[in-house]
**Q** 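Right, I'll just put the structure down here and ask away after.
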Amino acid sequence: MPVLTIDNLSKKYGPVQALKNVSFTVPKGCVFGILGPNGSGKTTLLGTIMDVLKPTSGSYLLFDEMPTENQRKGIGTLLETPNFYHYLSGEDNLQISAAIKGRGKEDIPRVLEMVNLTQRKDSKFNTYSLGMKQRLAIASCLLGNPEVLVFDEPTNGLDPVGIAEIRELMKRLHQEGKTIIMASHLLDEVEKVCTHVAILKKGELIASGDVNAILVNEDLIEISAGDMVKLKEVTAKLKEVTTIKQDGNMLQLFYPAGRADMGEVNKFCFENGIVLTHLLLKKKSLEAKFFELTNN
Amino acid sequence: MLNLLQIEWMKVKGYKAFWIFTILYFFAIVGINYTGFYINELTVQSMPASTFLLGTPYGFPKVWQTVGWMSSWLLYFPGILFIMLLTNEFNFKTHRQNIIDGWSRTQFISVKFVFAILFSVVATLFNFLVALLFGFLTTGSVFHFEGMENIGYIFIQTLAYISFAMFLAVIFRRSGVAIAVFFLFGLIFEYLITVLINYKLNLSPVGYFLPLQVTDVMLPIPFGNKVIYKDSPAVYILVIASLIYIGAYYFFSLKKFKTEDL
């Protein structure tokens, strides 16, 4: 049973189209990353499925049912910023969240401990640092040990140790069988923790699916020779090459990560009567892949 | 609803401004009525004949109306308080978080209005006690149930002011704008429009049916009101109009909150 099914969702803010006919499905038990640059519609998408924004058109299902407020009670959500009553302590704020979710106070010490806020639980929220506010928001998500968690930029404002802790926490939650939906503009964050990914660009879904299929890591060898036609013929016989593209007077040979062997290519061409005038190995980074996916 | 109210109370009880506003408001009710009571005593002492004009405003049975009318000047206090309670949510984005955590949009707005009803009940009870106190303090006055319908009017008027204020908060979302509009409309523009409608356009009593004005006419100044509010409609019509307004504030606040992006 899918946790979330999004069907042709569109959202306009006046002339700005924040989401354009987005459809995808989040299966149970996965860590689903929604990846995209700033302003690509990630928060709009999550805000819509949490009913704080109204879609212009399209619909969505939670747990294969029409969404209601009671379903939201079973989903721990951090949307955009930590939203708490500034004049109340961290603990009092969690009591309000727990009460709205229909859960008792018993769980509050546990979640405070999980995000290392036990010592500051009696301090007012407006005395917290940015990182502590973010931790409190994550603690609030964990209240009642929900089966589904939605995190919008969960590592915002955290220091490197905090970031590592949150990633560890997400991996642990994933191992416990929870479903996590996470929006992020940080590619390596998605790569490190997600099993599935959807990539948004200017409100359009440009790819979605298994993270290894979408964010595949590739090696790239660039070669050139006097006789490009013959070079093309010959390289077509090379083993392990996944794709060959011509870029001006260069050929680009794509290999699965770590499988490109320059010596082998050089030798193969020479044995087939071609002298290479250019031979270069390019490790194609995920960043480059991301730019390729999100830029024109 | 009880559960929702408990949560609302958790939000409010830790909010210092709520207690400061409420306590000041209650002190001010006693204060403004004591001032009226004292001035009336002085006037009667120096000019015994004035009782023919003024009557005994702080004696039974007139005291219910007098206290209600005097206290009504202070209704901007709870109005501002409730504007702040709502705009705080918008500022902290906790209105979003409440929805995200599992309230429906209807629940969010409804519990605020129910809380306003409870606050109005408490304020009305306090007015009742103050009226009782000054009634007994007035020499020669004997407790009388007559005129006690005014206690009901106090409740309706308090709720009307507060729900009007909340409506403005939902419309404008910012405390500064909502408070400014509340004051300017309530203290200046509404009177202006009433006068224009009733006297310039000769459409009296239409001008008495403006949102806050209608409650002011329902609970009028205890002496000379026949001059000030001449040809005002029957009280029961004003009561019905006030209740319709309260319902409309709730309905339109809910409508806006339910259909909009938060």
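We use all heavy atoms of the structure for the numbers below, so side chains are in, but hydrogens, waters and symmetry mates are not. Naming: A, B, ... by sequence-line order, numbering from 1 per chain. Predicted model only: the values in this text are computed from it and were never measured.
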**Q** Does atom CD of A:Glu176 have more than 12 heavy-atom neighbours, drawn from other residues, nucleotides or ligands, at distances under 6.0 Å?
**A**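 More than 12 within 6.0 Å, yes.
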**Q** Report the option among A:Thr48, A:Ile75, A:Asp51 that has the most heavy-atom pairs separated by less than 4.5 Å from atoms of chain B.
**A**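 When all of A:Thr48, A:Ile75, A:Asp51 are compared, A:Asp51 has the most.
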**Q** Which answer fits A:Tyr87, side chain, backbone, both or neither, if we ask what part of it has an atom under 4.5 Å from a heavy atom of chain B?
**A**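 Both parts, backbone and side chain.
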**Q** At their closest point, which heavy atom of A:Asn83 faces which heavy atom of B:Gln97, and how far apart are they?
**A**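 Smallest heavy-atom distance, with atoms named: ND2-OE1, 3.3 Å.
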**Q** Check this for me: B:Arg174, atom CZ, are more than 12 non-hydrogen atoms of other residues, nucleotides or ligands nearer than 6.0 Å?
**A**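 Not more than 12 within 6.0 Å, no.
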**Q** How long is the gap from CG on A:Leu79 to CZ on B:Arg96, to the nearest 0.5 Å?
**A**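 If I round to the nearest 0.5 Å, the distance is 5.5 Å.
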**Q** Rounded to the nearest 0.5 Å, what's the gap from CH2 on B:Trp103 to NZ on A:Lys101? Could you check?
**A**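 NZ of A:Lys101 is found 13.5 Å from CH2 of B:Trp103.
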**Q** Side chain from CB out, backbone as N, CA, C, O: work out which of these in A:Leu88 comes under 4.5 Å of a heavy atom of chain B, or both, or neither.
**A**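 For A:Leu88, the side chain is the part near chain B, not the backbone.
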**Q** Where on A:Glu80 is there a heavy atom nearer than 4.5 Å to chain B: the side chain, the backbone, both, or neither?
**A**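 Just its side chain gets close to chain B.
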**Q** Can you tell me which portion of B:Asn88 sits under 4.5 Å from chain A's heavy atoms? Options are side chain, backbone, both or neither.
**A**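 Just the side chain, heavy atoms under 4.5 Å.
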**Q** Measure the spacing between CD1 of B:Ile99 and CE of A:Met50 and express it to the nearest 0.5 Å.
**A**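 Rounded to the nearest 0.5 Å, the CD1-CE separation comes to 12.0 Å.
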**Q** Please find the pair of heavy atoms, one from A:Tyr85 and one from B:Glu89, that lie closest to each other, and give the distance.
**A**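 Taking A:Tyr85 first and B:Glu89 second, the nearest heavy atoms are OH-OE1, 2.7 Å.
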**Q** With rounding to the nearest 0.5 angstrom, report the CG to OG1 distance, B:Asp101 to A:Thr77.
**A**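 B:Asp101 atom CG to A:Thr77 atom OG1 measures 7.5 Å (nearest 0.5 Å).
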**Q** Assess whether atom NZ of B:Lys255 is packed by more than 12 heavy atoms of other residues, nucleotides or ligands within 6.0 Å.
**A**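 Result for NZ/B:Lys255: open.
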**Q** Look at atom CE of B:Met1 and say whether more than 12 heavy atoms of other residues, nucleotides or ligands are closer to it than 6.0 Å.
**A**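 Yes, the 6.0 Å shell around CE holds more than 12 heavy atoms from other groups.
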**Q** Under 4.5 Å from any heavy atom of chain B, what part of A:Tyr13 do you find: side chain, backbone, both or neither?
**A**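 Side chain of A:Tyr13 only, per the 4.5 Å heavy-atom cut-off to chain B.
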**Q** Given a strict heavy-atom distance threshold of 4.5 Å, which part of A:Lys124 is in contact with chain B: side chain, backbone, both, or neither?
**A**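 No part of it gets close to chain B.
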**Q** What are the two closest non-hydrogen atoms of A:Arg72 and B:Ile100, and how far apart are they?
**A**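 Smallest interatomic distance, heavy atoms only, reads CB-O, 3.5 Å.
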**Q** Is B:Lys258 close to chain A through its backbone or its side chain, or both, or neither, when contacts mean heavy atoms under 4.5 Å?
**A**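 Answer is backbone: N, CA, C or O of B:Lys258 sit under 4.5 Å from chain A.
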**Q** Working to the nearest 0.5 angstrom, can you tell me the gap between A:Gln95 CD and B:Gln6 CD?
**A**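 If we round to the nearest 0.5 Å, A:Gln95:CD and B:Gln6:CD are 12.0 Å apart.
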**Q** Taking NZ in B:Lys256 as the centre, count heavy atoms belonging to other residues, nucleotides or ligands within less than 6.0 Å. Is the count above 12?
**A**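 Count over threshold, so yes.
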**Q** Minimum heavy-atom separation for B:Gly102 to A:Ile100, with atom names?
**A**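 For B:Gly102 and A:Ile100, the tightest heavy-atom pair comes out as N-CG2, 3.9 Å.
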**Q** Examine whether an atom of B:Lys16 lies under 4.5 Å from a heavy atom of chain A, and if so say whether it belongs to the side chain, the backbone or both; otherwise answer neither.
**A**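 For B:Lys16, no heavy atom lies under 4.5 Å from chain A.
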**Q** Any idea how A:His86 and B:Phe92 line up, ring-wise: parallel (<30°), tilted (30 to 60°), or perpendicular (>60°)?
**A**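 Judged by the thresholds at 30° and 60°, the geometry between A:His86 and B:Phe92 is parallel.
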